[in-house]
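Okay, structure first, notes after.
In the text below, chain A, chain B and the rest are named by the order of the sequence lines, each starting its count at 1.
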Number of protein chains: 2
Amino acid sequence: MTITAYTKTVGEVAAQSGVAASAVRFYEQHGVVAAVRTQGDQRRFDESAACRIRVARMAQRVGLTVREIAEVFATLPRDPQPADWARVAEALVTEAEARTAALRDQLAAMRWGARPGDLA
Amino acid sequence: MTITAYTKTVGEVAAQSGVAASAVRFYEQHGVVAAVRTQGDQRRFDESAACRIRVARMAQRVGLTVREIAEVFATLPRDPQPADWARVAEALVTEAEARTAALRDQLAAMRWGARPGDLA
DNA sequence: TCGCGGGTTCGACCGATATTGAAGTCCACC
DNA sequence: GGTGGACTTCAATATCGGTCGAACCCGCGA
């Protein structure tokens, strides 16, 4: 049973997640990732940080805000297991599908400017 | 064959589409809707304007930007017919589904931190 | 003719999502 | 125990998607 430690620097997490270090700090400020501080006040992230950020970026593409993503991630325990990630993944995909379905339904419900007499 | 005229004021379009008049002007600036001007320099929109804006708002919910939406709408002719709207609707839903699929695929492709030896 | 409820432009401001730069600190390696 | 690269904070800047207010214009009805 390996204890997942807080060992990654902001730069390492940035490299592993494909975003700028400034974005990693931004995500920490907004609760997408968590960090502890060294004696010298530097951030140290755990293994899940890069993962969280990669997932967050994908979720942003389907219209979720950073706040919404942080809320979903708030349900993750420390050192998330595959089952925890699976649950989060499903929540995100379900939300994306719900929004797409809402788009489709509302589009379908529109009367498309069918002015009576126009097609008659 | 009714010729669709430019008759709606900003306020009318705003009311019909459920957004503020300032937003209608914003959408015009960004190519989501088009307007002609009266002698007195006032905007006049056609019937499709409110429709475009309602659709645009839905599309924003699934992560499309105003620019992307404007590009899709750029394919609409003047006085769009139901078939034109159907094509646009399909393009938007398809894009939303593609983004959701990308999210799901990338989530599925992740190794979920399965560190060798951890589950052993 | 006057009033007034719209419309107009323009620029300031907002919140979200970051990026950049300055000034200073930390720490890993030699 | 240096040195240099990576880290820190804070403020400014940028883009996106709007909103608001000021100051002004336009047309309609009393």
Across nucleotides 3-10 of chain D, 5' to 3', mark each nucleotide with B, S or - according to how protein heavy atoms within less than 4.0 Å reach it. ----SBS-
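Closest contact between the side chain of A:Arg57 and the listed nucleotides C:dT19, C:dA18, D:dT19 involves C:dA18. When distances run from any side-chain atom of A:Gln60 to the nucleotides C:dT17, C:dT19, D:dG17, the shortest one goes to C:dT17.
Expressed to the nearest 0.5 Å, how far CG of B:Asp84 lies from CZ of B:Phe73 amounts to 12.0 Å. Within the model, atoms CH2 of B:Trp85 and CZ of B:Arg52 stand 5.5 Å from one another, a figure rounded to the nearest 0.5 Å.
Rounded to an integer number of Å, the gap from B:Arg61 CZ to D:dC16 P is 21 Å. Put simply, NE2 on B:His30 is 9 Å from C1' on D:dG18, counting in whole angstrom units. With rounding to whole Å, B:Leu64 atom CG is found 14 Å from D:dG17 atom C1'. Atom-to-atom, CD of B:Gln39 to P of D:dC25 comes out at 17 Å; the value is rounded to the nearest Å.
In terms of position along DNA chain C, the nucleotide closest to A:Phe26 lies nearer the 5' end than the nucleotide closest to the other residue of the pair A:Phe26 and A:Thr38.
B:Arg43 pairs by the salt bridge (Lys or Arg N to Asp or Glu O under 4.0 Å) definition with B:Glu28, not counting sequence neighbours.
The phosphate of D:dG17 (OP1 or OP2) has no side-chain N or O of B:Tyr27 nearer than 4.0 angstrom.
Between the side chains of B:Arg87 and B:Thr75, at least one donor N or O lies within less than 3.5 Å of an accepting N or O. Judged purely by distance below 3.5 Å, without hydrogens or angles, the side chains of A:Tyr6 and A:Arg37 never pair a donor atom with an acceptor atom.
In this structure, A:Val62 and B:Val62 have side chains that are not in contact, with every pair of non-hydrogen atoms separated by 4.5 Å or more.
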